[in-house]
Structure formats: structure tokens, C-alpha cells
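Notes to accompany the following structure.
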Amino acid sequence: QVQLVESGGGLVQAGGSLRLSCAASGRSFSSAAMGWFRQAPGKAREFVAAIRWSGGVTSYADSYARSVKGRFTISRDNAENTVYLQMNSLKSEDTAVYYCAARFGLVATNPSSYNYWGQGTQVTVSS
């Protein structure tokens, strides 16, 4: 029904940057919200950022976790059905598997609110 594929993860030095991509396919995302979550070994999956996904409007709303606010930016490219996460000033504590998620409703920060998930992409920040 819905497929989400993340890419762009890798190894980066502390203070560096990465840009993650999430390509969506399988149905219309005109009323979808997209979120980024991350999960480190032994820890619960946590909210990172979310954005409203709407191909019919030019404006959007976004939300960020306190731990990444000011460093990460979520954006979208409706023509490509893709959402991005620009990560700057990376810290070792940002190391985790990052997941893209979608829900057909309002922007939310609770992972249980999202219906569809990608396979994840590993981000490793070294000191």
C-alpha cells in the first residue's frame, strides 16, 4: 500500500553534516504527515522531526524534538514525493538508526501515531 525508503545515512565526524532522504510511493500523500524517528541500541524509538505532507499547498508546518532543534531541518520535495532531514552539527549522541514514517492525518510526535515505516538508515557520528 505504502512504501518508504530511507537513504543518506553513513559515518560522519562530530560537527559534520548528513542529509537523509525518504522516498514515498504506493499512494497519494496529499493529506499525509511525515516524521523522522531514531533508535539507538538499547533505547526506545524517539521522535526527531515531522512535517505536513501536502501536494496541494505550498505552505507547511514542522515540529522538532528539543534535542535536535536548531541543528536539524525537515523539508519536502512534493514533485519527487520525498522528505529530507538535514542534520548539521552532529554529535555522538545522534548515532542511531533513523526511520522515516508516514501517517494520513495531522503532524504528530508519538511514533504510535504513524502507520507506515521505512527500513531505517544507520547514522554513526564519531568523535
Side-chain angles (χ1 to χ4, degrees):
Q1 184 178 6
V2 173
Q3 296 82 44
L4 303 174
V5 180
E6 303 98 330
S7 62
L11 176 65
V12 64
Q13 294 289 323
S17 299
L18 283 175
R19 189 192 192 203
L20 305 184
S21 299
C22 174
S25 62
R27 63 170 292 177
S28 174
F29 278 75
S30 61
S31 61
M34 305 292 293
W36 284 99
F37 296 80
R38 65 188 183 187
Q39 187 166 22
K43 298 181 65 178
R45 189 167 299 184
E46 65 175 355
F47 169 75
V48 176
I51 188 170
R52 181 180 64 194
W53 188 287
S54 178
V57 299
T58 58
S59 62
Y60 64 93
D62 54 23
S63 181
Y64 298 92
R66 188 177 184 87
S67 60
V68 306
K69 189 175 180 63
R71 299 188 297 120
F72 292 8
T73 302
I74 188 169
S75 62
R76 70 185 184 190
D77 183 340
N78 289 337
E80 300 292 332
N81 290 323
T82 302
V83 63
Y84 304 95
L85 184 68
Q86 178 66 48
M87 305 185 294
N88 298 326
S89 302
L90 284 162
K91 307 173 181 179
S92 60
E93 51 263 42
D94 294 318
T95 296
V97 176
Y98 283 70
Y99 296 91
C100 176
R103 68 184 302 268
F104 292 92
L106 300 177
V107 168
T109 60
N110 191 326
S112 66
S113 297
Y114 288 79
N115 307 107
Y116 306 99
W117 295 85
Q119 82 289 344
T121 184
Q122 177 70 48
V123 172
T124 302
V125 184
S126 62
S127 300

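Values in this document were obtained by computation on a predicted structure and should not be read as measured data. Each residue takes its place number in the sequence, starting with 1.
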Is there a side-chain contact between Val5 and Gln119 in this structure, where contact means two heavy atoms from C-beta onward sitting under 4.5 Å apart? yes
Taking the side chain as every heavy atom from C-beta outward, state whether Thr121 and Leu20 have any atom pair closer than 4.5 Å. yes
Got Leu90 and Leu18 here, is their nearest side-chain heavy-atom distance under 4.5 Å? yes
In terms of hydrophobic clustering (I, L, V, M, F, W, Y; side-chain heavy atoms under 4.5 Å; direct or indirect links), are Tyr99 and Trp36 co-clustered? no
Distance, nearest 0.5 Å, that separates CG of Leu11 from OG of Ser126: 4.5 Å
Distance check, rounded to the nearest 0.5 Å: Lys69 atom NZ versus Ser67 atom OG? 11.5 Å
Joint cluster assignment, Val48 & Tyr64, ILVMFWY side-chain distance < 4.5 Å: yes
Answer yes or no: is there a side-chain heavy-atom contact under 4.5 Å between Glu6 and Tyr98? no
Check: Cys100 main-chain N/O paired with Tyr116 side-chain donor or acceptor under 3.5 Å: no
Would Phe37 and Trp117 satisfy ring-ring contact (aromatic ring centres under 6.0 Å, His included), going step by step from the backbone distance to the final call? CA-CA 10 Å; Phe37 296 80; Trp117 295 85; 5.1 Å; yes
Is there a chain of hydrophobic side chains (I, L, V, M, F, W, Y, each step under 4.5 Å between heavy atoms) that links Leu4 to Val97? no
Ionic contact status for Arg52 with Asp62, cut-off 4.0 Å: no
On a heavy-atom basis, which atom in Ala33 and which in Gly105 lie closest, and how many Å separate them? CB-O, 3.6 Å
One should read off an interatomic distance between Leu106 CG and Ser63 OG, to the nearest 0.5 angstrom, of 12.0 Å
Side chains of Thr95 and Val123: does their closest heavy-atom pair fall under 4.5 Å? no
Looking at Tyr84, is Arg76 sitting on its ring face, NZ or CZ under 6.0 Å from the six-membered ring centre and within 45 degrees of the normal? no
Val68, Ile74: one ILVMFWY side-chain cluster at the under-4.5 Å cut-off? yes
Donor on one side chain, acceptor on other, Asn88 and Ser17, under 3.5 Å: yes
Side chain proximity check, Leu85 to Phe72, heavy atoms < 4.5 angstrom: yes
When rounded to the nearest 0.5 angstrom, what is the spacing between CD in Gln86 and CZ in Arg71? 12.0 Å
So Asp94 and Met87, do their side chains get closer than 4.5 Å, heavy atoms only? no
Pair Gln39, Glu46: side-chain N/O donor-acceptor within cut-off below 3.5 Å: no
Expected output: side-chain Tyr114 to main-chain Ala108 donor-acceptor under 3.5 Å: yes
Close side-chain approach of Arg103 to Met34, heavy-atom, < 4.5 Å: no
